[in-house]
Q: 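A single structure is presented below for examination.
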Amino acid sequence: MAQLWVVEDDDTIRGVLSSRLQAEGHQVRALPDGGSALVRSLPSPDLVLLDLGLPDLEGTEVCRRLRVSHPDAVLVVVTARDDEMDVVVALEAGADDYLTKPVRFTELAARVRAHLRRAGAALPEERGARLVVGTLAIDLAARRVTREGGELPLRAKEFDLLARLAAEPGVVVTREALMSDVWDEHWSGSTKTLDVHIAALRRKLGPEPVITTVRGHGYRLEKP
């Protein structure tokens with residue numbers, strides 16, 4: 001089970017992030033300040049979501065010290081600071097990613113999954129091994145999709161898209177989140193490739209389940 005830390009001084013934001021990440025299947029430790037994150041007795045996290053505006057220590061200093069004490073952890077800065085120099089300083093202090101508040105949770109969750117996957121941590125959906133949406137059975141470990149015993153011939157990216165949407169049925173997943181999670185957060189090509197793959201996936205799925213286009217936002221896999 002992936003171990004996540006949320007280092008955030010705002011009680012509301014810390015609570016919401018922690019509860020929603022727990023609902024995603026992660027084990028979450030909520031920490032209100034930098035000092036709490038630097039306690040040596042704490043077990044190492046797989047990933048840390050770190051605010052820079054902490055009440056006791058400068059966030060970049062916390063980032064620098066976490067990089068030393070937990071060298072294998074993924075450090076993701078989530079802050080209201082949007083100045084280019086803040087980004088540069090945080091990355092040089094050891095951050096792996098930098099997100100500016102307000103952050104859409106779907107994008108944040110997608111980035112968390114992408115970082116954990118690259119770090120080799122077990123994702124919730126991989127542990128569960130199987131998703132069921134209507135008549136579809138999605139075997140995440142074997143990367144197979146079956147309907148009433150017959151296997152659907154999905155290509156790799158089609159499978160990844162379906163698995164990503166099926167992880168949150170009924171929820172709109174943004175185009176940015178899909179591109180980040182299924183391709184790469186540094187993807188520089190045309191996002192038209194997403195539309196092409198969605199169209200191919202729809203043809204192979206048939207009339208059920210329905211993938212709805214939410215114009216200006218992304219796609220939603222409808223609950224049966």
Side-chain angles (χ1 to χ4, degrees), residues 1-34 36-37 42-55 59 62-63 66 70 73-82 95-119 121-133 138 140 160-182 185 211-212 214 216-223:
M1 178 179 292
Q3 309 289 320
L4 272 56
W5 290 3
V6 177
V7 186
E8 166 65 62
D9 68 317
D10 186 294
D11 293 342
T12 301
I13 295 175
R14 187 174 66 252
V16 169
L17 279 180
S18 298
S19 62
R20 295 196 68 177
L21 288 167
Q22 286 172 343
E24 291 259 316
H26 304 294
Q27 183 170 324
V28 180
R29 185 183 298 271
L31 303 169
D33 51 47
S36 300
L42 292 178
S44 291
D46 294 302
L47 183 144
V48 179
L49 298 178
L50 174 66
D51 184 23
L52 293 183
L54 299 172
V62 176
C63 184
L66 284 174
H70 303 290
V74 177
L75 304 181
V76 179
V77 168
V78 184
T79 180
R81 300 181 188 177
D82 59 0
D96 297 291
D97 202 353
Y98 193 105
L99 299 174
T100 303
K101 297 176 182 175
V103 181
R104 290 172 295 193
F105 182 76
T106 51
E107 178 183 356
L108 175 64
R111 285 178 182 263
V112 166
R113 283 190 293 270
H115 281 300
L116 290 175
R117 183 179 294 111
R118 294 185 185 103
L123 297 178
E125 57 266 30
E126 290 167 347
R127 295 195 306 273
R130 194 168 182 265
L131 297 172
V132 177
V133 182
I138 305 169
L140 295 157
D160 291 339
L161 277 172
L162 178 60
R164 176 66 183 87
L165 291 167
E168 298 180 278
V171 175
V172 176
V173 184
T174 66
R175 296 177 64 86
E176 294 84 0
L178 287 169
M179 293 301 299
S180 173
D181 204 30
V182 175
E185 71 258 34
I211 299 177
T212 299
V214 182
H217 295 281
Y219 295 96
R220 178 178 62 238
L221 186 68
E222 302 294 354
K223 294 181 179 180

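These figures come from a predicted structure and were not determined experimentally.
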Q: If the test is side-chain contact (heavy atoms from CB on, under 4.5 Å), which one of Leu42, Val6, Leu4 qualifies with Arg29?
A: Leu42
Q: For Lys101, I'd like to know if atom NZ has over 12 heavy atoms of other residues, nucleotides or ligands within 6.0 Å.
A: yes
Q: Do we see a donor-acceptor contact under 3.5 Å between the side chains of His115 and Asp96?
A: no
Q: Assess the residue pair Thr79 and Tyr98 against the criterion (side-chain contact (heavy atoms from CB on, under 4.5 Å)); give the C-alpha distance rounded to whole Å, side-chain angles, the decisive distance to 0.1 Å, and a yes or no.
A: CA-CA 8 Å; Thr79 180; Tyr98 193 105; 3.3 Å; yes
Q: Can you name the closest pair of heavy atoms from Asp9 and Leu54 and give their distance?
A: N-CD2, 4.2 Å
Q: I'd like to check Glu168 versus Val173 (side-chain heavy atoms, cut-off strictly below 4.5 Å). Are they in contact?
A: yes
Q: Just one of Thr174, Ile211, Val172 clears the side-chain contact (heavy atoms from CB on, under 4.5 Å) bar with Tyr219, so which one?
A: Ile211
Q: What residues, two or more places apart in sequence or in another chain, satisfy side-chain contact (heavy atoms from CB on, under 4.5 Å) together with Arg20?
A: Val16, Phe105
Q: Could you pull out the closest heavy-atom pair between Val77 and Ala95, with the gap in Å?
A: CG2-CB, 3.8 Å
Q: To check you understand the geometry: which heavy-atom pair defines the closest contact between Val7 and Ala37, and what is its length?
A: CG2-CB, 3.9 Å
Q: Restricting to non-hydrogen atoms, name the atom on Leu131 and the atom on Ala167 that form the minimum distance, rounded to 0.1 Å.
A: CD1-N, 4.1 Å
Q: Listed by chain and number, what are the side-chain hydrogen bond (donor to acceptor under 3.5 Å, both in side chains) partners of Arg14, not counting sequence neighbours?
A: Asp11
Q: Which heavy atom of Asp46 sits nearest to which heavy atom of Ala2, and what is that distance?
A: OD2-CA, 3.2 Å
